[in-house]
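First up is the structure itself, then whatever we jot down about it.
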There are 2 protein chains.
Amino acid sequence: MPPKSRQKTKNIQRIEPAPPASVRERLLDTADRLFYREGVRAVGIDRVLAEAGAAKASLYSHFGCKDDLVAAHVERRITDARARIEAYVADIPPAERALRFFDLVVEWAKSPDFRGCPLHHVVVELSDPKHPARAVAAKQRQWMHARFLEWARAAGAPNPAAAAGALVVLFDGAVTASEHDGPQRARDARWMAGQLLSH
Amino acid sequence: MPPKSRQKTKNIQRIEPAPPASVRERLLDTADRLFYREGVRAVGIDRVLAEAGAAKASLYSHFGCKDDLVAAHVERRITDARARIEAYVADIPPAERALRFFDLVVEWAKSPDFRGCPLHHVVVELSDPKHPARAVAAKQRQWMHARFLEWARAAGAPNPAAAAGALVVLFDGAVTASEHDGPQRARDARWMAGQLLSH
DNA sequence: CCACTGATAGACAGTTCTGTCTATCTGCTA
DNA sequence: TAGCAGATAGACAGAACTGTCTATCAGTGG
């Protein structure tokens, strides 16, 4: 008899296996995990439903269709990434933020379930340029480029526009090469970013 | 009445619509084109058969299964790429070959049907590490790394191993970023490679 | 003339996937 | 108490995909 039974709602959930959040959250959590780990085309709706413990009608009432679920997955990755990046560089001087950002990329590449960039995966898997998830991914690339430009200016780069382009290349290279060869490539990219911005 | 009718074999092929090569070649040509353009999971066997004008039994007798057809597609891309690269850098001094290689990457990124690296696409789409196509792709990455190491040594880089790692990052970054943003990113990568090797 | 090889055409089974729909259940609120 | 909103469970249709198998045809060599 746990004393928490005083909580009038949701005390049943303590007994059920794992319904920690709303159905929408459960579905999005599961889809996000499976889509990143195995790919959006390899994972069917039924897999998501089974692992989320949800019903088909819930998925379709919340997300409309699978393509929109994929777009929501990309949207969530973007929201998380921006928050993580901004928190990671917040408390250091703007001139050092670009390099600091590559520290975060190294950490990411070292995490055991790292499998490359989920946005890039979606673009590769969904070749239709009108797919809803691609517009979301394109938006994030613009945000990224704007950050690099801002940080390159703050670092006093002689040609901030060129430096921003180079930083985009280094970021994509760090992520893609680490996906194949391991996190050392992300360190290589960080080193080049340091060289780039030390002039 | 063309005089070539003296050719005793294959004069019928001049009349038929387009059977330019053996069935195996036709199948591989078609699969290669479709897999790169739309993705290996998005393109079904029937699409390949219809566009190649071949029968299902031909495909399965020549390639065994779809996974092996995908592996053959990757193998062909590798063979073509190596020949193209070696021809492109053959007649210039070894010290300049790394930079010359990035000229080729820029040309590639500028071609209208460029859609990123087919090897990387296959790795993204086929998350199973035991897929036959992945071993083929891994082999090409080792070849690539060996070339970069060789070229970095020839260019007199103070730390050839570190330079080779950096060149891998720049190559992957050039291809991935150009896939999203256009060929300017490949030029950005070439510029960084020049900076890297000018020390 | 016959046998063999390689290719075509396509039916077929078996699976998987998306999306719809019906029936049921539960908790909340009027 | 009645009704409503949201969730579950699962049948179902329709399509697509892989892989197998049979029947047929054309060319070639003995």
Atom CG of B:D46 and atom P of C:dT15: how far apart are they, to the nearest Å? 19 Å
How long is the line joining CG of A:L69 and P of C:dT18, in whole Å? 10 Å
Lys/Arg-Asp/Glu bridge criterion (N-O < 4.0 Å) met for B:E150, B:R147: yes
Any residue of residues 34-42 of chain A with a heavy atom less than 4.0 Å from an atom of DNA chain C: none
Tell me the interatomic distance from A:I45, atom CD1, to C:dC21, atom P, rounded to whole angstroms. 17 Å
Pick one: which of A:R77, A:R76, A:R37 meets side-chain hydrogen bond (donor to acceptor under 3.5 Å, both in side chains) with A:D32? A:R77
Run the side-chain hydrogen bond (donor to acceptor under 3.5 Å, both in side chains) test on A:H120 and A:E179 for me, step by step, so that the C-alpha distance in whole Å, both residues' side-chain angles and the decisive distance to 0.1 Å come before the verdict. CA-CA 12 Å; A:H120 179 58; A:E179 182 177 355; over 6 Å; no
Nearest whole Å is fine: how far is C:dT18 P from A:L27 CG? 14 Å
Name every residue in residues 53-68 of chain B that has at least one heavy atom under 4.0 Å from any atom of DNA chain C, in order of residue number, or write none if there are no such residues. B:G53, B:A54, B:A55, B:K56, B:A57, B:S58, B:H62
Are the charged groups of A:D91 and A:R100 less than 4.0 angstrom apart, N to O? no
Spacing of A:L49 atom CG relative to D:dT8 atom P, expressed in whole Å: 9 Å
So does B:E75 pair up with B:K139, basic N to acidic O under 4.0 Å? yes
State, yes or no, whether a side-chain contact exists between B:R84 and B:W108 at a heavy-atom distance under 4.5 Å. no
Could you tell me whether B:R82 atom CZ has more than 12 heavy atoms of other residues or ligands within 6.0 Å of it? yes
Please determine, for the side chain of B:V23, which listed nucleotide (C:dT8, C:dT18, D:dT18) has the closest atom? C:dT8
Against A:V43, only a single residue in A:T30, A:V48, A:V70 fulfils side-chain contact (heavy atoms from CB on, under 4.5 Å); can you say which? A:V48
